[in-house]
Each structure stands twice: as C-alpha cells, then as structure tokens.
> 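Quick one: the structure is below, and I'll ask about it shortly.
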Amino acid sequence: MGQLILCKSPRAKTPFYIESGKVNISSLEELMYFVQSARFVTRDDFMKPEFIDWIEQEIGQKELASMLREKLAGKCGLRDFFLPIEAANGYLTTSELQILNVQLQKYDHMSGLEAKKFYADQFMHQGKYVQAISAYRRLLSDSAVISEQGHVTGDIWNNLGCAYAKLQDFSEAVDCFARGYLLNRRMETLQEAVDAACMSGDQSLLEGLAARFAVNASQITAERTHMEQLLKQTIAGASVSEEPEQQLIRWLETYVQQCED
C-alpha cells in the first residue's frame, strides 16, 4: 500500500527530475520525502542553478530561491544547503530532521567518487545484487573513476566481485577481484579472488590467478591455509564423491606449488 503525502506547498506544473533517484518531484513535501528515504543524496542533483530556478519559478518560493543562490555561491555543503528548504517546508518532524542532517553531513565529508561508491554500496547492503552490479558498472565507466585508478577504484571492483559471487557467477567474480587487487593491493581482495576460484570448481581460474600474480607469490602463499580450510569445508558440506574431491585437492596442490616456485 502506498504512502499518502499531504502537500501544503504549491505543486509545480513542471516536475523536477532527480537523476540519482530516477524520479520526478512536484512539491517541497515530495522533495523532503525523497531526501529522507533515498539511499543516497548527491550534490549534483540539487546544488545547481537549474534546481534553484525550479524552486523559484515552479514552486513560487522566490525568497527561498534567493537564499539557496547565496548558499551555492558560498560553496556550502549539502547539509547547509538544505537547511533553508527544511525551514520553509515543515514536512519532517524534529527527530527526523536531526537524523537527516547527520546523514547529509556524512555525505559532505565524502569525496565525489566516495559518494558515488556509497550510493552503489547501498544496493549490496539491501541484497539487491543485480542492481548493485548495474550501479558498479555505471560507476566504473564514470570519468572520475577512470582517471582515479587508485584504491577507491580497486574497492569498487572488489565490491562488484562480491555482487557476482553472491549470484554464484564465480568466473566474473574472480576477474573483478583480480582487477581490484591490482589497484587497491589489499590482501583481502586477493583472498576473495582465490576463494571464488575455489568455489567455482574451475581449475583454469586457479591456474590463471597463480600465473597472473606470480610476482606476488609470497603474498598468495599466505592464503594457503585459508584455502585449505575452505576446501575441506566445501568438500565436507557437499558430500562429494571421491573423484571430484581428489580433483579439487590436485588443483589446490598445483596452485600452491606454482605460488612457491
């Protein structure tokens, strides 16, 4: 059952489109409802002349628009930018406003790239793995991500790998983890790649990792105990026949030997 929003402020004839939420809003009440309930609020959606013009021309709030232009010129944060909107609206309760302001202040301390990653991460937290994959893929094609190519980008690849692993697409997961490790150099990411390869049952994935990261043999070897434990747990839980069990062990032995060579 949908929620009814009582709008006391004027409704716009032309709605304002919020890109990050893929939604149109037609009043200040709808705006505050979106900001309160959204997985993430981006500065790019609101801190721009087009949004302020919409407030002035479509909502008829000329004084509010003037205050927002001053805020924008002063290069304030997202929290301070929304304070006049909150004051002019009255849709949220005092406790709801306090929670919202804490959240907006949190966004203010993120870099643009970190903020976009945070938005995509929310799908993972909600178990929406298909949507998470789509969001991470869009993020990886973002010019800021392409130019950065550092640990944040590596973490994006890592999280994309986690989404694929949750869907049991281990081949894609291994590739994503490997790409992530090349950028963030976190042993946890490399461990995820090895674990996904083991879970896939595909010998070529393990062999590919061993060949690809031969220069990191000492680091990979440190994960050997973890892999052995994981393999034993997998075999015990699946109650597989002797032949595949022996095959998995051979894959592991070959992989470890390659790491130590």
Side-chain angles (χ1 to χ4, degrees), residues 1-3 5 15-25 30-48 51 77-79 82 92 96 99-184 186 188-197 199-200:
M1 186 174 182
Q3 180 174 350
I5 301 177
F16 181 78
Y17 182 67
I18 302 175
E19 177 64 33
S20 66
K22 308 297 180 186
V23 65
N24 286 312
I25 57 170
E30 290 178 358
L31 169 64
M32 295 309 298
Y33 174 78
F34 170 81
V35 174
Q36 179 196 26
S37 59
R39 290 178 297 274
F40 179 67
V41 178
T42 70
R43 287 184 282 264
D44 294 343
D45 279 332
F46 303 106
M47 299 186 68
K48 57 186 179 181
F51 173 70
L78 192 60
R79 174 182 175 275
F82 265 94
L92 301 179
E96 289 173 335
I99 295 172
L100 176 60
N101 286 331
V102 170
Q103 193 66 37
L104 292 176
Q105 193 169 28
K106 177 181 179 180
Y107 300 153
D108 281 333
H109 287 88
M110 297 179 182
S111 68
L113 182 54
E114 289 172 333
K116 292 177 181 179
K117 177 181 175 295
F118 180 85
Y119 168 74
D121 288 344
Q122 301 315 296
F123 289 112
M124 284 293 292
H125 296 323
Q126 296 172 24
K128 298 179 179 178
Y129 304 122
V130 174
Q131 294 94 323
I133 289 172
S134 178
Y136 287 130
R137 287 291 184 188
R138 286 198 304 271
L139 186 53
L140 287 167
S141 65
D142 188 285
S143 58
V145 177
I146 294 172
S147 62
E148 195 266 353
Q149 291 299 302
H151 72 91
V152 176
T153 306
D155 290 345
I156 294 171
W157 278 109
N158 177 85
N159 290 6
L160 179 58
C162 290
Y164 277 117
K166 288 291 187 179
L167 296 176
Q168 298 186 33
D169 189 343
F170 296 114
S171 178
E172 286 287 350
V174 170
D175 180 65
C176 292
F177 288 135
R179 289 171 182 263
Y181 175 69
L182 288 172
L183 292 167
N184 67 16
R186 300 186 196 277
E188 295 85 354
T189 300
L190 185 57
Q191 176 182 322
E192 294 282 6
V194 173
D195 291 350
M199 295 299 293
S200 72

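Source: prediction; values computed, not measured.
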> CD1 of Ile156 to NE2 of His151: how many Å apart, nearest 0.5 Å?
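Going from CD1 on Ile156 over to NE2 on His151, the span is 10.5 Å.
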
> Got a donor-acceptor contact below 3.5 angstrom from the Gln122 side chain to the Phe118 backbone?
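Side chain of Gln122 to backbone of Phe118: a pair is present.
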
> For Asn159, give me all partners under side chain to side chain contact (heavy atoms under 4.5 Å, CB included), at least two apart in sequence or on another chain.
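For Asn159 the side chain to side chain contact (heavy atoms under 4.5 Å, CB included) partners, ignoring immediate neighbours, are Lys117, Asp121, Tyr136.
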
> Can you tell me how far apart CG (Leu139) and OG1 (Thr153) are? Round to the nearest 0.5 Å.
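The distance works out to 8.0 Å.
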
> Table please: side-chain donor-acceptor pairs of residues 162-180 below 3.5 Å, with sequence neighbours left out.
residue: Tyr164; atom: OH; partner: Arg137; partner atom: NH2; Å: 3.3
residue: Asp169; atom: OD1; partner: Glu172; partner atom: N; Å: 3.4
residue: Asp175; atom: OD2; partner: Arg179; partner atom: NE; Å: 2.9

> Kindly give the heavy-atom pair with the smallest separation between Glu19 and Asp45, and that separation in Å.
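In terms of heavy atoms, the two residues are closest at N-OD1, 3.4 Å.
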
> Evaluate the side-chain contact (heavy atoms from CB on, under 4.5 Å) criterion for residues Trp157 and Leu140: first the C-alpha distance (whole Å), next the side-chain angles of each, then the deciding distance (0.1 Å), finally the verdict.
CA-CA 8 Å; Trp157 278 109; Leu140 287 167; 3.5 Å; yes

> How far does CZ of Phe46 sit from CZ of Phe34, to the nearest 0.5 angstrom?
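Here the rounded value is 5.0 Å.
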
> Any sub-3.5 Å donor-acceptor pair from Ser200's side-chain atoms to Ala197's backbone N or O?
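Yes; at least one donor-acceptor contact below 3.5 Å.
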
> If you measure from CG on Leu183 to CG on Asn158, what distance do you get to the nearest 0.5 Å?
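So the CG of Leu183 and the CG of Asn158 are separated by 11.0 Å.
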
> Within this structure, what is the CD1-CZ distance for the pair Ile133 and Phe123, rounded to the nearest 0.5 Å?
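Those atoms lie 12.0 Å apart.
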
> Distance check, rounded to the nearest 0.5 Å: Ile25 atom CD1 versus Met32 atom CE?
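These two atoms lie 10.0 Å from each other.
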
> State which residues pass side chain to side chain contact (heavy atoms under 4.5 Å, CB included) with Leu182; sequence neighbours excluded, sorted by chain then number.
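Expected list: Arg185, Arg212, Phe213.
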
> Can you see which heavy atom on Pro15 is nearest to which on Asn24, and at what distance?
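So the minimum-distance heavy-atom pair works out to CB-CB, 3.8 Å.
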
> Please examine the side chains of Arg186 and Asp155, heavy atoms only from C-beta on, and report whether any two atoms are closer than 4.5 Å.
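Of all side-chain heavy-atom pairs linking Arg186 with Asp155, at least one is under 4.5 Å.
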
